[in-house]
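Here the structure comes first, spelled out in structure tokens, and everything after it is commentary.
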Amino acid sequence: MIDPQLLRENPEAIRTSQRARGASADLVDAALGADIRRRSAISESEALRATQKSLGKKVAQAQGDDKAALLAQAQELAGRVKQLAQEATDAEAEFTLIVGSLANPIIEGVPAGGEENFVTLREVGSKATFDFEPRDHVELGEMLKAIDVTRGVKVSGSRFYFLTGIGARLELALMNMALDKALAEGFTPLITPTLVRPEIMRGTGFLGEHADEVYYLPADDLYLTGTSEVALAGFHSDEILDVAAGPMRYAGWSTCYRREAGSAGKDNRGILRVHQFNKLEMFTYVLPEEAEAEHDRLVAWQEAMLQACELSYRVIDVAAGDLGSSAARKYDIEAWVPTQGAYRELTSTSNCTTYQARRLDIRYRTESGKTAPVATLNGTLATTRWLVAILETHQQEDGSVRVPVALRPYLGGLEVIEPVRR
RNA sequence: GGAGACGUCGCAUAGUUCGGCCUAGUGCACCACCCUGCUAAGGUGGAGAGGGGUUUAAACUCCUCCGUGGGUUCAAAUCCCACCGUCUCCGCCA
């Protein structure tokens with residue numbers, strides 16, 4: 001939900017943002033109209049309600065004929081009060097609907113346009129080169145007995161897999177390294193629920209245009225979350241937080257579920273795009289004026305993780321049209337995947353400014369003692385998908401894989417993952 | 001899953017019998033000031049959330065909020081219905 005104040009005072013800013021996203025700018029005028037209708041309906045309804053209340057008091061005090069007359073008057077009034085209240089409720093609902101469909105105004109500097117209009121901020125590390133034909137992660141996974149796609153499909157269907165043996169250990173090592181990184185930066189670790197109520201799902205913005213990406217359990221009216229961001233944002237919903245003392249940072253460890261409905265045939269091989277994976281997610285509640293600085297910090301921590309994994313990557317500033325409705329700016333970090341000859345997204349970090357917090361009613365107290373929505377940010381610190389880049393980047397001619405130095409302590413000092421014969 | 005009890009402004013509670021004097025009282029904690037020579041005690045005042053109006057702002061004013069949503073009524077914390085949640089006991093269970 002955007003700031004209604006901004007809508008009234010600077011609608012042009014929102015129009016500009018909508019255009020950059022390739023979304024409707026006319027919605028802004030519809031919202032302005034709805035706001036005017038809403039406010040006049042509220043005023044009218046409340047004025048009549050005040051009359052009704054004072055009349056009701058007179059009824060209580062009056063006696064005999066006076067009372068009967070007043071009562072008749074009050075009865076007549078009641079119907080109109082009800083009608084006006086209904087009109088106010090309807091106007092409010094219409095306003096909420098229209099305003100709710102406006103995306104978060106982008107931050108100045110975000111590139112306009114669609115998916116292909118991203119801007120590369122920097123490329124780090126040299127792309128792996130091989131003097132042999134490199135194997136892809138599926139083949140390596142089989143040789144190392146680390147990934148079993150065949151049995152994943154047998155048990156659960158396409159886009160499911162088992163991590164086996166060293167594969168399972170490697171994921172836990174990665175997740176634990178990320179967790180230690182988060183702890184060192186002062187994050188509070190949380191293991192989150194992965195089933196959430198509709199209002200939390202809606203509040204975080206995942207029931208918008210990507211609703212068909214979400215698993216839903218109708219028997220229980222619960223949603224399976226595609227990221228712990230949902231639970232982490234809901235964690236402090238309806239609360240007033242003390243963020244003046246500093247950002248509140250959480251690291252959520254959870255399994256993530258995605259239907260991948262719109263991606264039939266895409267990345268079908270291996271574990272690049274799957275229905276279920278694990279992720280360590282950073283989530284921050286912060287003063288609105290500190291959001292952009294915090295965003296930079298989140299990217300820096302992500303880059304430190306990729307560097308620790310000795311991966312080559314680039315950081316991109318995602319274009320407006322490719323942002324979710326909650327994000328005002330998003331940086332993706334994409335690692336070089338040798339056998340694809342392409343960069344693939346390993347992390348994503350969004351600055352949701354006050355948009356998400358306004359919908360979830362997460363506030364802080366300003367110096368004057370008033371309440372105002374906080375800013376929220378989120379970002380990936382590690383996911384299952386990282387194994388793809390790690391395995392492919394550090395592979396050797398015989399199919400073995402060198403373990404990045406920083407990861408070794410989490411694997412009992414293991415330096416090289418060897419293929420399993422037999 | 002079954003039975004019972006309960007849900008009030010940060011916490012604790014009053015109010016629900018029998019609808020109107022509830023503009024929701026009180027205690028604790030909190031904030032400001034006063035008093036007091038000593039981390040105490042006392043006094044005075046303030047103080048919830050959301051939304052309208054007005055305003056440069058403040059002040060002011062009005063409406064809403066007693067778990068949520070409906071209903072009855074001139075009028076609902078109070079009566080009725082549904083739902084959600086908590087607790088106790090029973091059943092089942094990793």
Side-chain angles (χ1 to χ4, degrees), chain A residues 1-10 31-100 102 191 193-203 207 216-223 231 234-245 248 255 285 288 354-374:
Chain A
M1 172 109 168
I2 63 160
D3 183 0
Q5 191 95 15
L6 180 70
L7 175 68
R8 272 172 234 150
E9 290 172 2
N10 191 0
L32 282 168
D35 185 39
I36 290 167
R37 284 193 295 281
R38 156 183 166 267
R39 284 152 75 191
S40 77
I42 287 172
S43 286
E44 263 185 72
S45 160
E46 289 186 351
L48 198 66
R49 172 70 179 150
T51 314
Q52 184 194 33
K53 282 178 71 172
S54 60
L55 189 57
K57 284 203 175 101
K58 282 185 202 152
V59 171
Q61 286 158 6
Q63 299 290 334
D65 288 350
D66 280 356
K67 184 154 189 155
L70 284 169
L71 201 59
Q73 207 182 330
Q75 277 166 352
E76 193 269 333
L77 192 61
R80 283 203 293 141
V81 168
K82 203 162 196 171
Q83 187 194 334
L84 283 183
Q86 188 57 50
E87 281 170 20
T89 306
D90 292 347
E92 186 86 54
E94 192 206 348
F95 173 76
T96 307
L97 188 72
I98 295 174
V99 169
L102 287 167
I191 293 173
T194 53
L195 285 167
V196 301
R197 302 162 168 283
E199 57 266 31
I200 298 295
M201 206 64 184
R202 201 170 301 115
L207 289 186
Y216 174 58
L217 279 60
D220 300 283
D221 196 19
L222 290 170
Y223 292 88
F235 190 65
H236 282 307
S237 61
D238 281 316
E239 293 183 26
I240 297 174
L241 306 178
D242 182 17
V243 288
M248 295 174 71
T255 300
Y285 300 89
T354 57
Y355 190 88
Q356 195 174 52
R358 194 169 282 110
R359 202 156 33 179
L360 288 168
D361 199 19
I362 307 167
R363 295 158 290 162
Y364 71 102
R365 221 167 268 288
T366 64
E367 276 180 46
S368 63
K370 295 217 166 115
T371 61
V374 302

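By convention in this document, chain letters (A, B, ...) are assigned in the order of the sequence lines, proteins followed by strands, and residues within each chain are numbered from 1. Being a predicted model, the structure only gives us computed values, none of them experimental.
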Pairwise P distance, rU17(B) and rC79(B) [rounded to whole Å]: 5 Å
Starting from P on rG52(B), measure out to CD1 on I36(A) and report it in whole angstrom. 13 Å
Between CZ of R8(A) and C1' of rG53(B) the distance, given in whole Å, is 12 Å
Search all heavy atoms of P288(A) against all heavy atoms of T354(A) and return the closest pair with its distance. CG-CG2, 3.9 Å
On a plain distance test, is the side chain of E46(A) in donor-acceptor contact with the base of rG51(B) below 3.5 Å? yes
Suppose we screen for side-chain contact (heavy atoms from CB on, under 4.5 Å). Which residues come up paired with R38(A), at least two apart in sequence or across chains? R8(A), D35(A), I42(A), A91(A), E92(A), F95(A)
Checking S40(A) now: which residues fulfil side chain to side chain donor-acceptor pair (under 3.5 Å) with it, not counting sequence neighbours? none
Could you grab the distance from atom CD of Q52(A) to atom NZ of K82(A), nearest 0.5 Å is fine? 10.5 Å
Rounded off to whole Å, could you give me the CG-to-C1' distance for the L48(A) and rC63(B) pair? 12 Å
What is the distance, to the nearest angstrom, from the CG atom on L84(A) to the P atom on rU64(B)? 14 Å
Using atom P of each nucleotide, how far apart are rC66(B) and rC9(B) to the nearest Å? 10 Å
Spacing between R80(A) atom CZ and rC74(B) atom P, to the nearest angstrom: 16 Å
Quickly work out the Q75(A) CD to rC74(B) C1' distance and round it to whole Å. 6 Å
Distance between the P atoms of rA29(B) and rG43(B), in whole angstroms? 12 Å
Using atom P of each nucleotide, how far apart are rG48(B) and rA59(B) to the nearest Å? 12 Å
Mind checking who rG10(B) pairs with, Watson-Crick or G-U wobble, both distances under 3.5 Å? rC28(B)
Now, which nucleotide makes the Watson-Crick or G-U wobble pair with rG20(B), with each of the two distances under 3.5 Å? rC74(B)
Shortest non-hydrogen contact between V243(A) and Y364(A), atoms and distance: CG2-CB, 3.5 Å
Hey, does the side chain of S45(A) reach the backbone of A41(A) with a donor-acceptor pair shorter than 3.5 angstrom? no
Atom CD of E239(A) and atom P of rG48(B) are separated, to the nearest Å, by 20 Å
Would you kindly give the CD-to-C1' distance between Q86(A) and rG70(B), to the nearest whole Å? 12 Å
Please tell me which of the listed nucleotides, rC74(B), rU72(B), rG53(B), lies nearest to the side chain of K82(A)? rU72(B)
Provide the closest heavy-atom pair for A31(A) versus L7(A) in the form atom of the first, atom of the second, distance. CB-CD2, 3.9 Å
Can you list the residues that meet the side chain to side chain donor-acceptor pair (under 3.5 Å) rule with E87(A), with sequence neighbours excluded? Q83(A)
Quantified in whole Å, what is the C1' atom distance between nucleotide rC84(B) and nucleotide rG69(B)? 10 Å
Could you tell me how far rC83(B) sits from rG7(B) if I compare only their C1' atoms? Round to whole Å. 14 Å
rU23(B) and rA75(B): how far apart are their P atoms, nearest whole angstrom? 15 Å
Map A78(A) and R49(A) onto RNA chain B by nearest heavy atom, then report which one ends up closer to the 5' terminus. R49(A)
Does E92(A) or A50(A) map to a spot on RNA chain B nearer the 5' end, using the closest nucleotide for each? E92(A)
My understanding is that a pair needs two contacts under 3.5 Å, Watson-Crick or G-U wobble. By that rule, which nucleotide pairs with rC60(B)? rG53(B)
Check each residue of residues 355-365 of chain A for a non-hydrogen atom within less than 4.0 Å of any atom in RNA chain B, then write out the ones that pass by number, or none. R363(A), R365(A)
For Y355(A), check ring pair (Phe, Tyr, Trp, His ring centres under 6.0 Å) against everything at least two apart and list the hits. none
Distances under 3.5 Å only, N/O to N/O: pair up the protein atoms with those of nucleotides 58-60 of chain B.
residue: rA58(B); atom: OP1; partner: K370(A); partner atom: NZ; Å: 3.4

What is the nucleic acid contact for Q52(A), judged by heavy atoms within less than 4.0 Å: base, sugar-phosphate only, or nothing? sugar-phosphate
Quick check for you: to the nearest 0.5 Å, what is the distance between Q75(A) atom CD and L55(A) atom CG? 10.5 Å
Heteroatom pairs (N/O) under 3.5 angstrom, protein to nucleotides 19-24 of chain B:
residue: rG20(B); atom: N2; partner: G56(A); partner atom: O; Å: 3.0

Expected output: side-chain R363(A) to main-chain I240(A) donor-acceptor under 3.5 Å: no
Residue set satisfying side-chain contact (heavy atoms from CB on, under 4.5 Å) with L6(A), at least two apart, ordered chain then number -> D3(A), N10(A), I14(A), P105(A)
Distances under 3.5 Å between protein N/O atoms and the N/O atoms of nucleotides 82-85 of chain B, please, pair by pair.
none

Quick one: side chain to side chain donor-acceptor pair (under 3.5 Å) partners of Q86(A), sequence neighbours excluded? D90(A)
Under 3.5 Å on both distances, the Watson-Crick or G-U partner of rA3(B): rU88(B)
Could you tell me which nucleotide pairs with rC65(B) by Watson-Crick or G-U wobble geometry, both distances under 3.5 Å, or answer none if nothing does? rG48(B)
Whole-Å P distance, rU16(B) and rU56(B): 47 Å
In chain order, what residues pass the side chain to side chain donor-acceptor pair (under 3.5 Å) check against T366(A), with sequence neighbours excluded? S368(A)
For T371(A), answer base if it contacts any base atom (sugar-phosphate contacts may also be present), sugar-phosphate if it contacts only those atoms, and nothing otherwise; contact means non-hydrogen atoms under 4.0 Å. sugar-phosphate
Side-chain contact check for S43(A): nearest option of rC74(B), rG52(B), rA76(B) is rG52(B)
Grab the two heavy atoms, one from L360(A) and one from G203(A), that are nearest each other, plus how far apart they are. CD2-CA, 3.7 Å
D238(A): what forms a side-chain contact (heavy atoms from CB on, under 4.5 Å) with it, not counting sequence neighbours? D361(A)
